[in-house]
2 protein chains.
Amino acid sequence: MDADQELFRALGDPTRRTILVELADRDGQTLFEICGRLVMKHGLTSSRQAISQHLAVLEQAGLVRARRQGRYKFRHLDTGPLRALVERWPIDREAPP
Amino acid sequence: MDADQELFRALGDPTRRTILVELADRDGQTLFEICGRLVMKHGLTSSRQAISQHLAVLEQAGLVRARRQGRYKFRHLDTGPLRALVERWPIDREAPP
DNA sequence: TTGACAGGCAAGCGAAGACTTGCCTTCACT
DNA sequence: AGTGAAGGCAAGTCTTCGCTTGCCTGTCAA
């Protein structure tokens, strides 16, 4: 699947967008921290594995980078693909005069 | 479904994004014109009904507006939702100092 | 008025996706 | 060593999605 498609697909799920928002709020969280936030702040009831799979999709799309440290794995938000996307997406631009 | 979700879902499909690109190239096309362009310029083999359903999704998301005129229905691109999206989407912004 | 053209509606199918369940690995701490 | 915590893997379920098929509606032109 091409990179654009992976990006759009990753953004297509509301739970995944919520994860991004939470990582933007506090960068470098572990899986369990993220799960806790989704439950507390957003009332989501997804299981740990479900969130883990969502994180895998986000990682595949380049939106999240992971850093292992001991038995923890910290997830970091990467806004690069999003910035690149809004720069490159040709629809949202004026037509040449 | 909330508006953001409809937008992201609409953008999630590559065929739908191609339709948007074609409408950006030439605004106000009919269903058959769009079908022709998808076949000619992009090698897509989707049926008329498939494209019609894609257009319905795009319309639902507010990305396409339709104007009936006799037996023709002209589709117009609306870049408003896209512009609003990149303005509002909180990830792609610097944190306040 | 009748045929052809532009488009719509709805049921059904197959594939992809979100989620669960169960078990396994790895690391830290005592 | 051994126990508990963080995370991973894989198979199975169930829903959603994209698309097809078939038929129907409305409009223009001969």
Side-chain angles (χ1 to χ4, degrees), chain A residues 1-20 22-23 26-40 42-61 63-76, chain B residues 1-2 4-20 22-23 26-39 42-61 63-76:
Chain A
M1 194 193 287
D2 95 83
D4 262 34
Q5 184 55 24
E6 278 180 346
L7 237 176
F8 279 111
R9 206 183 76 72
L11 292 171
D13 186 89
T15 301
R16 284 196 286 266
R17 285 202 305 281
T18 307
I19 291 175
L20 291 182
E22 284 308 311
L23 279 180
R26 175 170 139 71
D27 201 39
Q29 296 185 68
T30 71
L31 174 58
F32 277 42
E33 283 183 86
I34 296 171
C35 286
R37 283 193 169 224
L38 292 182
V39 173
M40 297 296 190
H42 302 276
L44 301 184
T45 60
S46 309
S47 70
R48 175 182 64 87
Q49 288 84 349
I51 305 301
S52 180
Q53 287 167 4
H54 280 307
L55 282 169
V57 174
L58 291 170
E59 227 173 310
Q60 177 88 2
L63 289 166
V64 165
R65 302 202 181 280
R67 165 173 60 93
R68 251 260 132 100
Q69 185 169 344
R71 65 175 153 173
Y72 299 104
K73 192 171 178 182
F74 299 103
R75 265 76 176 197
H76 294 270
Chain B
M1 197 193 287
D2 94 82
D4 262 33
Q5 183 56 20
E6 279 179 344
L7 236 177
F8 278 110
R9 206 182 77 72
L11 292 171
D13 186 88
T15 302
R16 284 196 285 265
R17 286 201 305 280
T18 306
I19 292 176
L20 292 182
E22 283 309 310
L23 280 180
R26 177 170 138 70
D27 200 40
Q29 296 186 67
T30 71
L31 174 58
F32 278 44
E33 282 183 87
I34 295 171
C35 286
R37 283 191 169 226
L38 292 182
V39 173
H42 302 274
L44 300 184
T45 60
S46 308
S47 71
R48 175 182 62 88
Q49 288 84 349
I51 305 301
S52 180
Q53 287 167 4
H54 280 308
L55 283 169
V57 173
L58 291 170
E59 229 174 309
Q60 178 87 4
L63 289 165
V64 166
R65 302 202 182 280
R67 166 173 58 93
R68 253 262 135 109
Q69 185 170 344
R71 66 175 152 173
Y72 299 105
K73 191 170 179 182
F74 298 103
R75 266 78 176 198
H76 295 269

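Numbered from 1 within each chain, the chains take letters A, B, ... in sequence-line order.
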Atom [atom1] of [X] to atom [atom2] of [N]: distance rounded to whole Å?
X     : N      : atom1 : atom2 : answer
B:E59 : C:dG7  : CD    : P     : 12 Å
B:Q69 : D:dT27 : CD    : P     : 13 Å
A:F8  : C:dG17 : CZ    : P     : 16 Å
B:L31 : C:dC9  : CG    : P     : 12 Å
A:Q5  : C:dA16 : CD    : P     : 13 Å
A:L11 : C:dG17 : CG    : P     : 15 Å
A:I51 : D:dA6  : CD1   : P     : 16 Å
A:L58 : C:dA18 : CG    : P     : 10 Å

Nearest to the [X] side chain among [options], which nucleotide is it?
X     : options               : answer
A:R9  : C:dA18, C:dA4, D:dC19 : C:dA18
B:R75 : C:dA6, D:dA6, C:dG7   : C:dG7
A:R68 : D:dG7, C:dG17, D:dA5  : D:dG7

Measuring to OP1 and OP2 of [N], would you say a side-chain N or O of [X] lies under 4.0 angstrom away?
X     : N      : result
A:H54 : C:dC19 : yes
A:K73 : C:dT26 : no
A:S52 : D:dG8  : yes

Subject >> A:R9 backbone acceptor or donor facing A:R16 side chain under 3.5 Å >> reply: yes
Should [X] and [Y] count as side-chain neighbours, where that means a heavy-atom distance under 4.5 Å?
X     : Y     : answer
A:L23 : A:Q29 : yes
B:R75 : B:E22 : no
A:I19 : A:R37 : no
A:L63 : A:V57 : no

Subject >> nucleotides 20-25 of chain C: protein proximity per nucleotide (B base, S sugar-phosphate only, - neither; heavy atom, under 4.0 Å) >> reply: BBB---
**OP:** Could I get the full list of salt bridge (Lys or Arg N to Asp or Glu O under 4.0 Å) partners for A:R26, not counting sequence neighbours?
**Re:** A:E33
Subject >> Closest-nucleotide ordering on DNA chain C, the 5'-leading residue of A:G12 and A:Y72 >> reply: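 First, find each residue's nearest nucleotide; the 5'-ward one identifies A:G12.
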Subject >> Closest-nucleotide ordering on DNA chain C, the 5'-leading residue of A:G70 and A:V57 >> reply: A:V57
Subject >> Under the side chain to side chain donor-acceptor pair (under 3.5 Å) test, residues paired with A:R65 that sit two or more places apart >> reply: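 Once residues adjacent in sequence are excluded, the partners of A:R65 under the side chain to side chain donor-acceptor pair (under 3.5 Å) criterion are A:D78.
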Original post:
Nearest nucleotide by nearest heavy atom, which residue falls closer to the 5' end of DNA chain D, A:E33 or B:R71?
Top reply: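 Checking each residue's closest nucleotide, the 5'-ward one belongs to A:E33.
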